[in-house]
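Just so it is clear, the structure is predicted and the values come from calculations on it, not from any experiment. The chains referred to below are lettered A, B, ... by the order of the sequence lines, with proteins before strands, and numbering in each begins at 1.
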Number of protein chains: 2
Amino acid sequence: MCFVEKDGQCPECFRINEVLGRVGDRWSVLIVLSLAQYKVLRFNELKRHLGISQRMLSLKLRELERDGLVNRTYHPTIPPKVEYALTDLGYSFYAPVKALGIWALDNLPNIDEARLEFDTQAEQKKSA
Amino acid sequence: MCFVEKDGQCPECFRINEVLGRVGDRWSVLIVLSLAQYKVLRFNELKRHLGISQRMLSLKLRELERDGLVNRTYHPTIPPKVEYALTDLGYSFYAPVKALGIWALDNLPNIDEARLEFDTQAEQKKSA
DNA sequence: CCGTATCCGATGAGATACTG
DNA sequence: CAGTATCTCATCGGATACGG
């Protein structure tokens, strides 16, 4: 992916960092995963599904809309109804993100195990 | 991925969130990408390559080591030499992360464009 | 129902200076 | 070289309360 010398700033790492700084945070990833699954979700459906606070959901949805990953449709009924769905760009993001989600589900136990071992070893060193 | 009713807390989202909270941050992703590329890197090589501060690199590397993604080898020479490499778990993480990195590189322009459009439209609404 | 505004603590992240 | 220790500032993220 990166063909620069080991030393010296890697321009690609810089750009990847930039993109991940925009759409790479935890909530954005989970929102994209959920929308890909259900096609269309209302605000409170997303909120309950993810267990996210109202504030964060509001912020993240606007970011995602701004970055062109999510489409927002406002129905001026009473009570109001707002629906969110992925754009094409959003779906293209879904592909790699889904792989990441699956890895996460599969490997949580491995990480837990590694942590436990690391911590117990650190404990032993301290007492030694 | 998630087969729960739309409403109601999604346990899988919760767990994915948990994993991403550990290894899903920007620097960890970039460290894994770099190590996958070069196999073995020393502390300062990574530092220069990523353009990361000494402090953050130190913290992130220890996290990654603790979570079992990165292996740390200390050579007690003078001056000291410390080498970092991916573990098997780290390499298994690399696969989905690489896809994410490639997407990021490919779609930075699209995101920029979407942002620009969003911002200009917001600007027009304000002045209307 | 769909948000915004405010307050607050926890974490992220660079800069700088110091040690073995 | 490979870190640790502080200090400082920004951002993340929940809780709560309020408005259309």
Side-chain angles (χ1 to χ4, degrees), chain A residues 6-9 13-14 16-18 20-31 34-35 40-67 70-85 122 125-126, chain B residues 6-7 9 13-14 16-31 34-35 40-67 70-85 122 125-126:
Chain A
K6 280 195 304 187
D7 270 26
Q9 251 276 37
C13 285
F14 184 81
I16 293 177
N17 193 0
E18 214 180 329
L20 293 182
R22 306 189 192 190
V23 296
D25 61 291
R26 298 210 301 295
W27 288 128
S28 299
V29 164
L30 288 173
I31 290 170
S34 300
L35 287 179
V40 174
L41 286 173
R42 301 180 59 176
F43 185 87
N44 275 341
E45 285 175 343
L46 265 170
K47 179 175 178 308
R48 280 188 293 267
H49 188 72
L50 298 177
I52 187 180
S53 72
Q54 210 163 358
R55 186 182 106 93
M56 284 312 296
L57 182 57
S58 177
L59 289 174
K60 290 303 167 187
L61 281 174
R62 204 162 347 113
E63 275 183 28
L64 288 172
E65 192 196 355
R66 181 167 178 246
D67 289 338
V70 160
N71 217 315
R72 178 183 186 271
T73 315
Y74 175 72
H75 303 274
T77 55
I78 296 179
K81 174 174 169 179
V82 182
E83 293 181 320
Y84 293 92
K125 278 194 180 175
K126 215 175 56 179
Chain B
K6 280 195 303 188
D7 269 25
Q9 251 277 42
C13 287
F14 184 81
I16 292 176
N17 192 1
E18 214 181 329
V19 180
L20 294 181
R22 306 189 192 190
V23 295
D25 63 292
R26 298 209 300 296
W27 287 128
S28 299
V29 164
L30 288 174
I31 291 171
S34 301
L35 287 180
V40 173
L41 287 174
R42 301 180 59 175
F43 186 88
N44 275 341
E45 286 175 343
L46 265 170
K47 179 175 179 307
R48 280 188 293 266
H49 188 73
L50 298 177
I52 187 178
S53 71
Q54 209 162 10
R55 186 182 106 92
M56 284 311 296
L57 182 57
S58 177
L59 289 175
K60 290 303 167 188
L61 281 174
R62 205 158 351 111
E63 276 182 28
L64 288 172
E65 192 196 354
R66 180 168 180 246
D67 288 339
V70 161
N71 217 315
R72 178 181 185 273
T73 314
Y74 177 71
H75 303 274
T77 54
I78 296 179
K81 175 174 171 179
V82 181
E83 293 181 320
Y84 294 91
K125 279 193 178 175
K126 214 176 57 179

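The two atoms that bring Val29(B) and Gly24(B) nearest to each other are CG2-O, 4.2 Å, heavy atoms only. Across all non-hydrogen atoms, the minimal contact from Val23(A) to Ser28(A) is O-CB, 3.8 Å. Contact detail for Val40(B) and Ala85(B): the closest heavy-atom pair is CG2-CB, 4.2 Å.
Atom SG in Cys13(B) sits 10.5 Å away from atom CD1 in Ile52(A) (nearest 0.5 Å). Expressed to the nearest 0.5 Å, how far CG of Leu41(B) lies from CZ of Arg48(B) amounts to 10.5 Å. Considering CZ of Arg26(A) and CG of Leu50(A), their distance stands at 12.0 Å, rounded to 0.5 Å.
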Which side-chain N or O atoms in residues 53-61 of chain B pair as donor and acceptor under 3.5 Å with protein atoms at least two apart or in another chain?
residue: Ser53(B); atom: OG; partner: Met56(B); partner atom: N; Å: 3.3
residue: Lys60(B); atom: NZ; partner: Asp25(B); partner atom: OD2; Å: 3.2

Determine all donor-acceptor pairs shorter than 3.5 Å in which one atom belongs to a side chain in residues 70-82 of chain B; sequence neighbours excluded.
residue: Arg72(B); atom: NE; partner: Tyr84(B); partner atom: OH; Å: 3.4
residue: His75(B); atom: NE2; partner: Glu83(B); partner atom: OE1; Å: 3.2
residue: Thr77(B); atom: OG1; partner: Pro79(B); partner atom: O; Å: 2.9

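Between Tyr84(A) and dG3(C) there is a side-chain polar atom (N or O) within less than 4.0 angstrom of OP1 or OP2.
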Full working for side-chain contact (heavy atoms from CB on, under 4.5 Å) between Leu30(B) and Trp27(B): CA-CA 5 Å; Leu30(B) 288 174; Trp27(B) 287 128; 3.8 Å; yes
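Protein atom CD of Glu45(A) is 10 Å distant from nucleotide atom P of dC1(C), rounded to whole Å. Atom NE2 in His75(A) sits about 11 Å away from atom P in dG3(C), given to the nearest Å. Distance CZ (Arg72(A)) to P (dC1(C)): 16 Å, rounded to an integer number of Å.
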Between the protein and nucleotides 9-16 of chain C, list the N/O to N/O atom pairs that are separated by less than 3.5 angstrom.
residue: dA13(C); atom: N7; partner: Arg55(B); partner atom: NH2; Å: 2.4
residue: dA13(C); atom: N6; partner: Arg55(B); partner atom: NH2; Å: 3.3
residue: dG14(C); atom: OP2; partner: Ser53(B); partner atom: OG; Å: 3.2
residue: dG14(C); atom: O6; partner: Arg55(B); partner atom: NE; Å: 3.0

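Between the two ends of the helix from dG3(C)-dC18(D) to dG20(C)-dC1(D), each summarised by a five-pair axis, the helix axis turns through 30° (rounded to 10 degrees).
On the nucleic acid side, DNA chain D has its first and last nucleotide under 4.0 Å of a heavy atom of chain B at dC1(D) to dT6(D), going 5' to 3'.
Arg22(B) pairs by the side chain to side chain donor-acceptor pair (under 3.5 Å) definition with Asp112(A), Glu18(B), not counting sequence neighbours.
Map Ser58(A) and Pro79(A) each onto its nearest nucleotide of DNA chain C; the residue landing nearer the 5' end is Pro79(A).
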